[in-house]
Number of protein chains: 2
Amino acid sequence: MKFEAVTIKDIAKALGLSTSTVSRALRDSYEISPETKKLVLEYAQNINYRPNPIALSLKEKRSRSIGIIVCEIANSFFSQIINGIESIAYDKGYNVIIAQSHESYEREVINVQYLASRSIDGLLVSVSSETKDLEHLKNLHERGLPIVFFDRIVDEMTTHKVIVDNFKGAYDATEHLIKSGYKYIANLAGSEYLSITKERLNGYSQALADHGRAFDPHYIQHCLHGGMVYEEVEKALDDLFKLEHKPDAILGCADKLTTNCLRYFKKKNIKVPDDIALVGFSNLDLTDLLSPSLTVVRQPAFEMGQLSTELLIQQIESKRPVKDFERRILPPQLFTRESTGL
Amino acid sequence: MKFEAVTIKDIAKALGLSTSTVSRALRDSYEISPETKKLVLEYAQNINYRPNPIALSLKEKRSRSIGIIVCEIANSFFSQIINGIESIAYDKGYNVIIAQSHESYEREVINVQYLASRSIDGLLVSVSSETKDLEHLKNLHERGLPIVFFDRIVDEMTTHKVIVDNFKGAYDATEHLIKSGYKYIANLAGSEYLSITKERLNGYSQALADHGRAFDPHYIQHCLHGGMVYEEVEKALDDLFKLEHKPDAILGCADKLTTNCLRYFKKKNIKVPDDIALVGFSNLDLTDLLSPSLTVVRQPAFEMGQLSTELLIQQIESKRPVKDFERRILPPQLFTRESTGL
DNA sequence: TTTTTTTACGCAATCGTTCCCGGTAACCTT
DNA sequence: AAGGTTACCGGGAACGATTGCGTAAAAAAA
């Protein structure tokens, strides 16, 4: 069974007018007499006429839809971002098509191709943690597709970028640990390819340096899939606990890294904060309910989604090619709670 | 700047053929000679030709996209469902357009209109907790739009429906509490309008009855927005704790109800499970990390999304009108943990 | 050789909408 | 009264792709 919609042609036939006239009447053109307009408008209202967006897209060469690529929507940080994206997109009459990479480079490429073939007007991207090569995005970008990167950005492409101040987030968290008296602060980091990983690592190192602490690479462990696979986290933590001076505090540089860290502690019966302190980047709204409640760096995800979308739509609707691109940096916020209190 | 794509016309011009020939060559028609086919195919490959899905949609009168309406995507249960939906949809060449009601009837209606105007081929719906009137959906359904309800279904419409066995979920949870020795088991329920609320309430009552417990309506508190607003939960719990016999166990009938319940306990310094036991419907994958770890009824969200999508696409692609609709019931699973252990 | 069949391709309509280009009145200006 | 404006509306092309139908040339059959 098909879902037959009313067209402009139906109205034209019913009213004995041409499609041109009906179209113009509906768009309130000055070339149409008030009576005809009224007639058309009322009839259209009556039979609940809705313009066919597909026909419009074909004519206007724009689909009024934007693509989103994230690693996972079942992740508070990203679902909050998507919330922000939607709030702006729907306001401006765009709809969003979401694709997930699940932290796989291969799936990211496939999804990009898919979205491109669905003729989207623009793309919002946060790359997967496996992504090194950017040809799949560069290609589209060179052909004129507006792209905005958020959170996990890349240097090689000049477009709008929206990030949080990861350096500051990590710096503040590390400083908080130092000031709380912790000596051996380990960094449970994400994929080495990601911009956020590097930035957070820098913040961590700088905080150590600024407080006269030695930087020891042994206290840094990378997890390629950002905590998505528990075994990676387990391995990383096992290695950390084999060090001569076991860490007495851990900075978890991603949501899943932090929660899987907790899972590890629970399994090994390691007590927080008595045996070890933990602070993590997390946007879960449950971290205050854990016991001990978790000290976290929280990122303004919703705002990030909004801002990215505004920049993207602005670029899409710009008459002339956008040349100067912005790099917007949002402030993270540290919530100190029980997991870092000695 | 526009993103100019290659069209069939470009190929035709470059190769000195007609668009019909090119189209047929690309679709491997028997009417085209092998040499011409090879020529066209190779050229198309070279310039990276992709058929314009919008033009196809216009001609075929189908958009190969399906709409989803949920209350909130930043909710594990629903984001897991969406994961399941996507996994099937992308496999079958559909893309999904997600809209959130935020538990508001008004926004649900607006979103339904919006999705309908975007000419979707089908709709997956889980109604908002405010929704009583269904005209906005009935209307579309009568005009032939395939609709599948999941989780929060409605009786008044005959379509495919996919739910979990809420009765069993609540029954098992309640029985577990009874067998654990709790006497005054309160039910923190969601909106009275929702199917899931009624089903869970029935499971709860039946379990009480089967174990010779009296059913006391004072132990049931509804929260219209399913825990989305903390104040509603606070009010409900305040009322429960004013009862002569204070509840010694609570059944939280939704994710947010349960977590906000914990938030209330924390605020009031009520200890779980010493002062009160808690079991909740929840799909968070963090509930095992809470301390005490939370006893939960977990629902097969991913599978629910998959199944719903399969049924929807099946109906969309069916040649003749689908007459017999299915009602699929998936099993929930009870995970007993510390929060219900005396 | 003539007729028939097959092969291989082009023409044009179609989907729903917009918009450029005309056209025809009625009205206004000298 | 003749020409110029203005108001109002219709025809038809275009967007990109598919497809029924028509047809020329080549191949097969007579």
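Here is how names work: the chains are called A, B, and so on, in the same order as the sequence lines, proteins then strands, and each is numbered from 1. FYI, side chains are in, hydrogens and waters are out, and symmetry mates aren't considered; it's all heavy atoms of this structure.
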Just checking [X]: base, sugar-phosphate only, or nothing, at a heavy-atom cut-off of under 4.0 Å?
X	answer
B:Ile32	sugar-phosphate
A:Ile54	nothing
B:Ser23	base
A:Thr36	sugar-phosphate

Phosphate-side-chain proximity, [X] and [N], N/O vs OP1/OP2 below 4.0 Å:
X	N	value
B:Thr21	C:dC9	no
B:Thr7	D:dG16	no
A:Lys61	D:dA14	no
B:Thr19	C:dG10	no
A:Tyr49	C:dT17	yes

- Is the closest basic N to carboxylate O distance between B:Arg62 and B:Glu60 below 4.0 Å? no

- Message: Taking the minimum atom-to-atom distance to the side chain of A:Glu31, which one of D:dC8, D:dG11, C:dT17 wins?
- Response: D:dC8

- Message: Do B:Ile98 and A:Val96 have side chains that approach each other closer than 4.5 Å (heavy atoms only, starting at C-beta)?
- Response: no

- Item | Heavy-atom side-chain proximity of A:Ile153 to A:Arg327 below 4.5 angstrom | yes

Nearest-Å distance for atom pair [atom1]/[atom2], residues [X] and [N]:
X	N	atom1	atom2	result
A:Glu35	D:dC9	CD	P	8 Å
B:Lys37	C:dA8	NZ	C1'	11 Å
A:Arg62	D:dA14	CZ	C1'	18 Å
A:Arg27	C:dT17	CZ	C1'	9 Å
A:Glu60	C:dG16	CD	P	17 Å
B:Lys59	D:dG20	NZ	P	9 Å
B:Arg64	D:dA17	CZ	P	16 Å
A:Leu58	D:dT18	CG	C1'	13 Å

- With a cut-off of 6.0 Å (strictly less than), are more than 12 heavy atoms of other residues, nucleotides or ligands near CD of B:Glu156? yes

- Task: State whether the distance check finds a donor on one side and an acceptor on the other, under 3.5 Å, for side chain B:Ser20 versus base C:dC9.
- Result: no

- Item | Under-3.5 Å donor-acceptor pair between A:Arg24 side chain and D:dG10 base | yes

- Could you check B:Ser33 against A:Leu26 and say which one's nearest nucleotide on DNA chain C is further toward the 5' end? B:Ser33

- side chain to side chain donor-acceptor pair (under 3.5 Å) partners of B:Ser87, counting only residues at least two apart: B:Gln306

- Query: Is the gap between the ring centers of A:Tyr105 and A:His136 under 6.0 Å?
  - Reply: yes

